[in-house]
Amino acid sequence: MQHTQVSSGGAPGAQYPEVYRNLMAIGLLGAIYRASEDAAIVHEAVEMTLEDPTMYVMHRAIAVAMGGDAAYAKASLGRRIEQQPDDDNSKVALGVSMMLSGDPEWKHWLNNVLATSTDQQAREAANGVLAYLASLRTSH
């Protein structure tokens, strides 16, 4: 079976074809609402056709974690971090996924980024998560 590789154009905010945006939304919503088997079919179809599925895998990990399960994030993002130890964006996504699913080890990943990363966007994301959580504590 031949697969068409779809590129987002590499630029932030580049548009995917509408059919991909719709499939992505269906898959991510399915993950959040714990329709795991159906969502997995959609995810696999989308991921196989993307030139670089990295960002989608991060979004998928967070959506699955919103449904209460960090296993996908730990497996997929953990494997990516093992292969590319400097991938600080994946570390932030893994930490957020673990936090959303209630895993108490989530903060390790954000602290790791803040302590070792030179990637400004990843550092800002990690700081943003921690600042948001701090604001929730002070407002309640």
Side-chain angles (χ1 to χ4, degrees):
M1 176 187 228
Q2 187 171 358
H3 301 286
T4 303
Q5 295 292 302
V6 177
S7 172
S8 67
Q15 295 296 311
Y16 291 102
E18 183 175 358
V19 68
Y20 282 90
R21 290 192 315 271
N22 292 340
L23 283 171
M24 290 173 178
I26 290 167
L28 295 172
L29 286 170
I32 292 168
Y33 289 106
R34 299 180 184 175
S36 303
E37 291 175 17
D38 294 333
I41 293 167
V42 174
H43 294 308
E44 289 168 17
V46 169
E47 288 173 18
M48 287 185 344
T49 60
L50 294 174
E51 188 176 302
D52 181 4
T54 303
M55 288 303 297
Y56 185 74
V57 169
M58 287 184 210
H59 289 113
R60 177 182 178 185
I62 291 170
V64 171
M66 289 173 74
D69 183 10
Y72 173 78
K74 289 179 179 179
S76 62
L77 297 176
R79 184 173 42 253
R80 182 164 177 80
I81 292 165
E82 283 179 15
Q83 294 170 349
Q84 299 178 12
D86 293 335
D87 185 350
D88 296 321
N89 291 313
S90 289
K91 292 175 186 176
V92 172
L94 178 56
V96 169
S97 297
M98 292 170 68
M99 177 196 61
L100 290 170
S101 69
D103 188 312
E105 298 296 316
W106 67 270
K107 199 169 184 180
H108 159 79
W109 293 103
L110 298 181
N111 287 338
N112 176 277
V113 169
L114 293 173
T116 64
S117 180
T118 59
D119 181 334
Q120 190 60 31
Q121 287 182 328
R123 291 179 61 76
E124 287 174 7
N127 271 322
V129 170
L130 295 174
Y132 175 72
L133 293 173
S135 75
L136 290 177
R137 286 189 196 124
T138 59
S139 67
H140 287 71

For this session: Evaluate side-chain contact (heavy atoms from CB on, under 4.5 Å) for L100 paired with W106, printing each intermediate quantity in order.
Result: CA-CA 9 Å; L100 290 170; W106 67 270; over 6 Å; no
When rounded to the nearest 0.5 angstrom, what distance separates [atom1] in [X] from [atom2] in [Y]?
X	Y	atom1	atom2	value
E47	T54	CD	OG1	9.5 Å
L28	M66	CG	CE	9.5 Å
W109	L114	CH2	CG	13.5 Å
S97	D69	OG	CG	10.0 Å
R60	I32	CZ	CD1	13.0 Å
I81	L94	CD1	CG	5.0 Å

Show the nearest heavy-atom pair for residues [X] and [Y], with the distance to one decimal.
X	Y	value
A70	S101	CB-OG, 3.0 Å
G30	A39	C-CB, 3.8 Å
R123	A115	NH1-N, 4.3 Å

For this session: Using a 4.5 Å cut-off on heavy atoms from C-beta on, say whether the side chain of K74 contacts that of D103.
Result: yes
Problem set entry | Any V92 side-chain heavy atom under 4.5 Å of D88 side chain | no
Exercise. Would one find more than 12 heavy atoms of other residues, nucleotides or ligands at under 6.0 Å from atom CD of E124?
Worked result: yes
For this session: Could you go through the side-chain contact (heavy atoms from CB on, under 4.5 Å) check for V57 and R79 one step at a time?
Result: CA-CA 12 Å; V57 169; R79 184 173 42 253; over 6 Å; no
For this session: Just jot down the salt bridge (charged side-chain N to carboxylate O under 4.0 Å, His left out) partners of D119, sequence neighbours excluded, or say none.
Result: none
For this session: Examine distances only and state if a side-chain atom of K91 and a backbone atom of P85 form a donor-acceptor pair shorter than 3.5 Å.
Result: yes
Problem set entry | Test side-chain hydrogen bond (donor to acceptor under 3.5 Å, both in side chains) applied to D87 - qualifying residues, sequence neighbours left out | R80, S90
Exercise. Any chain of hydrophobic side-chain contacts (each under 4.5 Å) joining L23 to I41?
Worked result: no
For this session: Scan residues 22-38 for pairs that pass side-chain hydrogen bond (donor to acceptor under 3.5 Å, both in side chains), counting only residues two or more places apart or in two chains.
Result: none
